[in-house]
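Everything on this sheet refers to the single structure shown next.
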Amino acid sequence: MDDQKKSYGCCIAGGGPAGMMLGLLLARAGVDVLVLEKHADFLRDFRGDTIHPSTLQVMHELGLIEPFLALPHQEVQVLGAQVGGVFVPIADFTHLPTRCKFLALMPQWDFLDFLVGHARRYPSFSLWMRAEAQGLIEENGRVVGLEVMTPEGKRDVRADLVVGADGRHSLVRAQAGFRVRELGAPMDVLWFRLSRRPGDPQNTMGQFDPGRIFVLINRDSHWQCAFVIPKGGFEGMRAGPVESFRERVATVAPWAADRVGELASWDDVKLLTVRVDRLERWYRPGLLCIGDAAHAMSPVGGVGINLALQDAVAAANLLAGPLAQGRLSLRHLTKVQRRREWPTRVTQWLQVQVQQRIIAPVLGRSASIRPPLLLRLLDRYPFLRRIPARLIGLGIRPEHVRSPIAPHR
Ligand SMILES: Cc1cc2nc3c(=O)[nH]c(=O)nc-3n(C[C@H](O)[C@H](O)[C@H](O)COP(=O)(O)OP(=O)(O)OC[C@H]3O[C@@H](n4cnc5c(N)ncnc54)[C@H](O)[C@@H]3O)c2cc1C
C-alpha cells in the first residue's frame, strides 16, 4: 500500500478492465485517484481475454498500441461458427475503420498489468491490492467514501467520487440500493482448457450441434474451451463423475479425445453463471457504477470487457475535467449514464435475441441442424460479414479518448 492519504478525487472499487482503465485516464488527467482491488494479483483464469478492435483503438489513442501489441497475444481476423458440420464465417474484422483490424486474445492479467504499469507513471495514481471495499460511507444522503479492509486493518477512504467497478457481484451497487433489471439467460457456460497439438483445427470458433454449443478459442499453446449448457444444469452434472463430461467433450470434438483426460476432476471446470442485467440508475450523489457493476453482459459476442472499457473512457471524458477542478455535480454523473445506457441496451437486446432465437433452440434440439438463413447469407455474401464485425468489434457508439492530459505529467 503506497499511499496513506485520507482523501482522493476519485476512489474506484475494483481493479478489472473498467476500474483500471478509468484509474489510468483520471490519473493522466491529474485527478488524485485510488483503485482498490481485493485480490493480491490479477492471476485468475477464465476472466475474458478478448481485446476488441475498439479497445485496441483506445490503446492507440493513448499512444500505447505498440508496446501493448509487443505482449504475447493471438490475432483473430475472421470469427466463424460450425453449424451441423458446416463452417460459416460470421464476422470479418479486416474492413473496420480502426488501427487494428483484428481481435486480440491476451490473458486478462497481462492486459491489467500493462494498464497498471502505465498508470503508475502518473504521480496521482494509487493502487491498493488486497484492499476490499466493504461498505459505503454516507453523509447527508451523499456517498463520501468507502470502508476498506486491508492487510493492515480497516480503513476509511474518502473521495469526491466513489466508482463501483467491482464486477457483476458488485458490493457497491448492492449497498447503494440500486434497482436491477434482470433480462435472463437460458444457459450457463463451463470453461476449461485443453492442450493444443499439431494437426488441430486452427480457427477460433463456435460449434453448434443438436443439444450443445462448444466454443474453442485458439490460445496458441492451448485451447480455451467453453461448453454451453442449459441454465442450472451444472449441479446435476457435477453430481456424476467427470468422466461423463469428458465423454461429452470427446463427442463434440473427436480430435481432442486423446487429451480429455487433462480434465482430472470437476475442479478443472469453471462454471460461469450467465446473467444479463442492468441498473435502472447508475449513480447517486457521490457515486457511479460502470462496467459489469452497472450491466452484466451475456457472453454472446464476448463484448463484456469491451463495454466495460468503453464505460471507463466515456466516464473519464465526462468526469476528468470536473473532478480535476473540484466541481463535480450530479449532472455530470447523469451524463455518463445517458451516454452509455443506449449502447448497453442495444447490445443486451441483440444478445437476448441470439440467446432466444439461436442458443435456446440449439440446446433444446435433438434432430440435426443446418445454418439458419442469416448465416447462409453471411456465407454467400462476404461483404455482409462486415455488419457483425462492426457490432462485435466496434460496438454501438464507440468511445474515443478525449479526457485531458495534466500539464505536470
Ligand atoms: C468465465 C468468464 C469468461 C468471460 N469471457 C469473456 C470474453 O471472452 N470476452 C469478454 O469481453 N468478456 C468476457 N467475460 C466478461 C468479462 O470478463 C467482464 O465483462 C469484464 O471483465 C467486466 O469488467 P469490469 O471491470 O466491469 O469487472 P470485472 O472484470 O469483474 O472486475 C471487477 C474487479 O473488482 C474486484 N472486486 C470485486 N469486488 C471488490 C470489492 N468489494 N473491493 C475491491 N475489489 C473488488 C474483482 O476482484 C475484479 O478484479 C467473461 C467473464 C467470465 C466470468
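Every number for a ligand or one of its atoms is a count from 1 in the order of the listing.
Those atoms of ligand 1 that come under 4.0 Å of a heavy atom in A308, given as number and element, are 22 (C), 23 (O), 26 (O). Taking every heavy atom of G291 and a limit of under 4.0 angstrom, the matching atoms of ligand 1 come to 26 (O). Residue G302 approaches ligand 1 through these ligand atoms, each under 4.0 Å from one of its heavy atoms: 9 (N), 10 (C), 11 (O). The G304 neighbourhood of ligand 1 comprises atoms 10 (C), 11 (O), 12 (N), 19 (O), with distances under 4.0 Å to a heavy atom of that residue. Close approach of ligand 1 to H39 (heavy-atom distance below 4.0 Å) involves ligand atoms 47 (O). Interface of A18 with ligand 1, defined as ligand atoms under 4.0 Å from a residue heavy atom, comprises 25 (O), 26 (O). Heavy-atom proximity to V303, at under 4.0 Å, picks out these atoms of ligand 1: 11 (O). Remark: ligand 1 atoms within the under-4.0 Å shell around heavy atoms of Q108 are 17 (O), 21 (O).
Counting heavy-atom neighbours within 6.0 Å of R376 CZ, excluding the residue itself, gives a total above 12. Atom CZ of R284 sits in a crowded spot, with more than 12 heavy atoms from other residues, nucleotides or ligands closer than 6.0 Å.
Among residues at least two apart or in separate chains, there is no ring-ring contact (aromatic ring centres under 6.0 Å, His included) pair with a member in residues 303-324.
Using a 4.0 Å cutoff on heavy atoms, P299 does not count as a contact of ligand 1.
G9 and V31 get closest at one heavy-atom pair: CA-CG1, 4.2 Å.
A distance-only check finds no donor-acceptor pair linking the side chain of E399 to the backbone of V313 [under 3.5 Å].
A salt bridge links R197 to E262: at least one charged side-chain nitrogen sits closer than 4.0 Å to a carboxylate oxygen.
Considering backbone and side-chain N/O atoms, H52 never comes within less than 3.5 Å of an N/O atom of ligand 1. Polar contact with ligand 1: present for E37 (N/O pair, distance under 3.5 Å). In terms of polar-atom proximity, A133 is counted as a contact of ligand 1, with an N or O under 3.5 Å from an N or O of the ligand. In terms of polar-atom proximity, defined here as any N/O pair under 3.5 Å, E132 makes no such contact with ligand 1. At a 3.5 angstrom cut-off on N or O pairs, R168 does not count as close to ligand 1. By the 3.5 Å distance cut-off applied to N or O atoms, L272 is not counted among the residues near ligand 1.
Legend: residues meeting ring pair (Phe, Tyr, Trp, His ring centres under 6.0 Å) with H118, ordered by chain and number and at least two apart, are F114.
Remark: the Q224 side chain and the H222 side chain contain no N/O donor-acceptor pair separated by less than 3.5 Å. Between the side chains of Q74 and R219, a donor-acceptor pair is found at a separation under 3.5 Å.
Of the options G15, G301, G16, the smallest heavy-atom separation from atom 31 (O) of ligand 1 is shown by G16.
In A131, the part holding a heavy atom less than 4.0 Å from any atom of ligand 1 is the backbone. Under 4.0 Å from ligand 1, not a single heavy atom of S170 appears. Using a 4.0 Å cut-off between heavy atoms, I305 contacts ligand 1 through both its backbone and its side chain.
Relative ring orientation between F111 and F68 is described as perpendicular, the plane-to-plane angle rising above 60° on a 0-90° scale split at 30° and 60°. Taking the six-membered ring for Trp and thresholds of 30 and 60 degrees, H73 and F102 have nearly parallel ring planes, at less than 30 degrees apart.
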Next on the checklist: Is there a salt bridge (charged side-chain N to carboxylate O under 4.0 Å, His left out) between E66 and R99? Walk through the geometry before answering.
Outcome noted: CA-CA 11 Å; E66 265 124 37; R99 162 79 159 66; 3.0 Å; yes

